[in-house]
Amino acid sequence: MTEDSDAMVSLTMEDDAAPAAAGSAADTDAAPRMRMRARDVNVFYADKQALFDVDIDLALNKVTALIGPSGCGKSTFLRCLNRMNDIIDICRVTGSITLDDRDIYGRDIDVVQLRARVGMVFQKPNPFPKSIYENVAYGPRIHGLARKGRELDEVVEQSLRRAGLFDEVSDRLQQPGTSLSGGQQQRLCIARAIAISPEVILMDEPCSALDPIATAKVEELIDELRQHYTIAIVTHNMQQAARVSQFTAFFHLGELVEFEATEQIFTNPHDQRTQDYITGRFG
Amino acid sequence: MQLTILLIAILALAVIGLYFGRRRALSAAGSNLGKLHSMPGYHGWYVALWCGIPSGIVLVVWLIIETPILEALLLSTLGPVVAEQSEAMIGLLLNDVRNLASGDVVSREVDPALQAAADRYASMKATAQAAVLAIGLAVGGAGFGWAWRRIAPSLRARNKVERFVNIALILSSCVAIVTTIGIVLSVLFESIRFFSIIPFWDFLFGLKWSPQTAIRADQVGSTGAFGAIPLFTGTLMITLIAMLVALPVGLFAAIYMAEFASPRFRNVTKPILEILAGVPTVVYGFFAALVVAPTFRGIGESIGLDVASESALAAGVVMGIMIIPFISSLSDDAIVAVPNSLREGSLAMGATKSETVVKVILPAALHGIVAACLLAVSRAIGETMIVVMAAGLAANLTANPLDAVTTVTVQIVTLLVGDQEFDSAKTLAAFALGLMLFVVTLALNIFALHIARKYREQYD
Ligand SMILES: Nc1ncnc2c1ncn2[C@@H]1O[C@H](COP(=O)(O)OP(=O)(O)OP(=O)(O)O)[C@@H](O)[C@H]1O
Ligand SMILES: [Mg+2]
């Protein structure tokens, strides 16, 4: 098992190290195209400020890792990107966040459409109490993306395949999604999220409830998904951030301390706090 | 009188035991309290229980056996004249003797013999009670002395008192169970008696309900018909109408309160809805009879429909209003219990709020909602007051909700109010109906519990 994941890790590390360090290549364009741009984002829970002037860009076909000690505002920032904070009554967001240069908090934006374009995978697997099939078919159904029958079957199978789950569940698609193991449930949630082909996928500690094997599978998956999507991932695992991401943002007490290429952050951080955190001296 | 004295004496003895047990434990421990196995208070309780419980048992046992024993004694002094009479006559006689002895009204001329018997009864009773008082005090005193002597630092008084508390708790919880079983059995036996007069199938599938039986042989009048189908259909129709009103309103109210309303609104409305559940049903009853039924009748007239002034519709609608709080409150609990992660999961997929409610929240809360409905149905089936007042007593076999119908519970009431003989088919029919009601509501409740349990872990 360790062999397996080690092999994979070193593989991705090599893959990523080169482009990130050179700031170019392997991927087609030299300067990565930005999908989402956050500028001067401040977030308040009632009177308490949780984020202070955060500026982060999410690049196309790149994985951006958000790291930092517990309570520093990583989830809060992630939830700003698809406006999940809207459903918390006391939460207020200021600043500008754009998706393809359109302000997602603008008047002309339909939050329902926004969330269909910016998908989210949660820290704790949360499959609906429906069958595996229905879980994945949920998004396509409500957005009318596929006609019932063959077309929908195909979308479901495709999504499960890309989430690396199809082979394990192909003979029991009608069983409840909650009957799967934790790791399978998390991949089911990923399949559910990608079934509507979002452009950006936000993942909040997707591996925190998983064992090393399942974690390795999800990491592998993230690396594959990167070919098609823009990904942001929150993680407490430094190795994971180093393995899967090309850019890393370090948060501390609601401030964005450092946002650089992953390589740079892990080998030569500018800020003392970043240095301390990644070497495990606090947090 | 003697027994009251005994009761007070027992209590006093126990309180004294509490005090002296504690004192003795303290003095036995001397300066070093740590020597005691149990705290002094436990020693006090130990003594109190030892003198209170045995004498309490004496008192209770006597209360149970007093009447049979005294009557047996009295009969043995009355001699052979009485022994020849029928059991019922003896019972009547004894009753009169008892009443006369305690100064109540009696059913016959008081002749000297009866007076003498009553006097003898009274004196026997007084002697016996004095004896019981003496025995009770003796037992209590003995218990006191025994427990008091046993107090020593090593006495495990705490364990013993705890054991007693334990037993007391078990006994109290048994009371509810035993009463239920007792009620069920008595209803069951009376029903069996009824079914020996009226065949079971005639009762269950008979189409005519008219329980007036002739009391005397020479009386003209109906012979009585005990077909319960009209009652079942009446009950069913009213329940159905009630659910048609309560289910949509209650469910929508629950959804609104749980998912859409602001916390402020919710904090105000939820208690109000629950107060609605506390309104006595008789109030709903006259609301139904005086307001709703005439209104329906008026509306019916104006559109050319013939609505009975006591209609199933009026009773059903008002009953529906009565059970709205049940459904809304229980469904609200079920909806709120759906984990937030499911809500967020759905919203994050780009579902709207109502799509989330319909496709994720309601299915996840379904078991709770179904259980709420079943409880509401059994509530509706058992409801009496509203139907008595608004739907009438006519046992019509009809499918027209504008007609008057009657229900099982209403018929039970009318069978049992007023004077009656306790072994006529008419009276016993009430028990048979009660049994049916009990079986149906029990089945519904079990079914509801089963559903609630079966799907409980669905979203864990
Ligand atoms: N719903 C909320 N209401 C009030 N305060 C909140 C809420 N959610 C988060 N906060 C506060 O905002 C701050 C940032 O929380 P956030 O959940 O973003 O931290 P995090 O970086 O994701 O932490 P973790 O690594 O433990 O998940 C915390 O101080 C937290 O107390
Ligand atoms: Mg978090």
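Chain A is the first sequence line, chain B the second, and so forth, proteins listed ahead of strands; every chain is numbered from 1. The shown structure was predicted, so the numbers you read here are calculated from the model rather than taken from an experiment.
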In Å and rounded to the nearest 0.5 Å, what is the OG to CD1 distance from B/Ser346 to A/Ile142?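 Atom-to-atom, B/Ser346:OG and A/Ile142:CD1 are 5.5 Å apart.
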How long is the straight-line distance from CG of B/Asn340 back to CD1 of A/Ile88, given to the nearest 0.5 Å? 8.5 Å
Could you tell me which portion of [X] (side chain, backbone, both or neither) has an atom closer than 4.5 angstrom to a non-hydrogen atom of chain B?
X	result
A/Asp89	side chain
A/Phe128	both
A/Ile196	side chain
A/Pro127	backbone

Give the minimum heavy-atom separation between A/Val112 and B/Ala351, together with the two atoms involved. CG2-O, 4.3 Å
Considering all heavy atoms, the nearest B/Val360-A/Tyr138 contact: CG2-OH, 3.4 Å
Hey, does the side chain of A/His143 reach the backbone of B/Met349 with a donor-acceptor pair shorter than 3.5 angstrom?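 Yes; judged by distance alone, with no hydrogens or angles, the pair exists.
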Has A/Asn126 got a side-chain atom pairing as donor or acceptor with B/Leu342's backbone, closer than 3.5 angstrom? no
Select one option (side chain, backbone, both, neither) describing which atoms of B/Lys353 are under 4.5 Å from chain A's heavy atoms. neither
B/Glu355/A/Arg141 ion pair, N-O < 4.0 Å: no
Within a radius of less than 6.0 Å around [atom1] of [X], do more than 12 heavy atoms belonging to other residues, nucleotides or ligands occur?
X	atom1	result
A/Asp47	CG	no
B/Phe447	CZ	no
B/Phe252	CZ	no

Holding to ring pair (Phe, Tyr, Trp, His ring centres under 6.0 Å), I want the full list of residues that pass it with A/Phe247, two or more places apart in sequence or in another chain. none
For chain B, which residues from residues 148-162 of chain A lie under 4.5 Å away (heavy-atom distances)? none
Hey, can you pull the donor-acceptor pairs under 3.5 Å for the side chains in residues 433-442 of chain B, sequence neighbours left out?
unit_1	atom_1	unit_2	atom_2	d
B/Thr441	OG1	B/Leu437	O	2.8
B/Thr441	OG1	B/Phe438	O	3.2

Who wins among A/Lys124, A/Met84, A/Met120, A/Arg83 for the most heavy-atom pairs under 4.5 Å with chain B? A/Met84
Shorter than 4.5 Å, heavy atoms on both sides: which option in A/Arg117, A/Glu134, A/Gln123, A/Lys130 has the most such pairs with chain B? A/Lys130
What pairs meet the salt bridge (charged side-chain N to carboxylate O under 4.0 Å, His left out) rule with one or both residues in residues 252-267 of chain B, with sequence neighbours excluded?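 Passing the test, one end in residues 252-267 of chain B: B/Glu259-B/Arg343, B/Arg266-B/Asp332.
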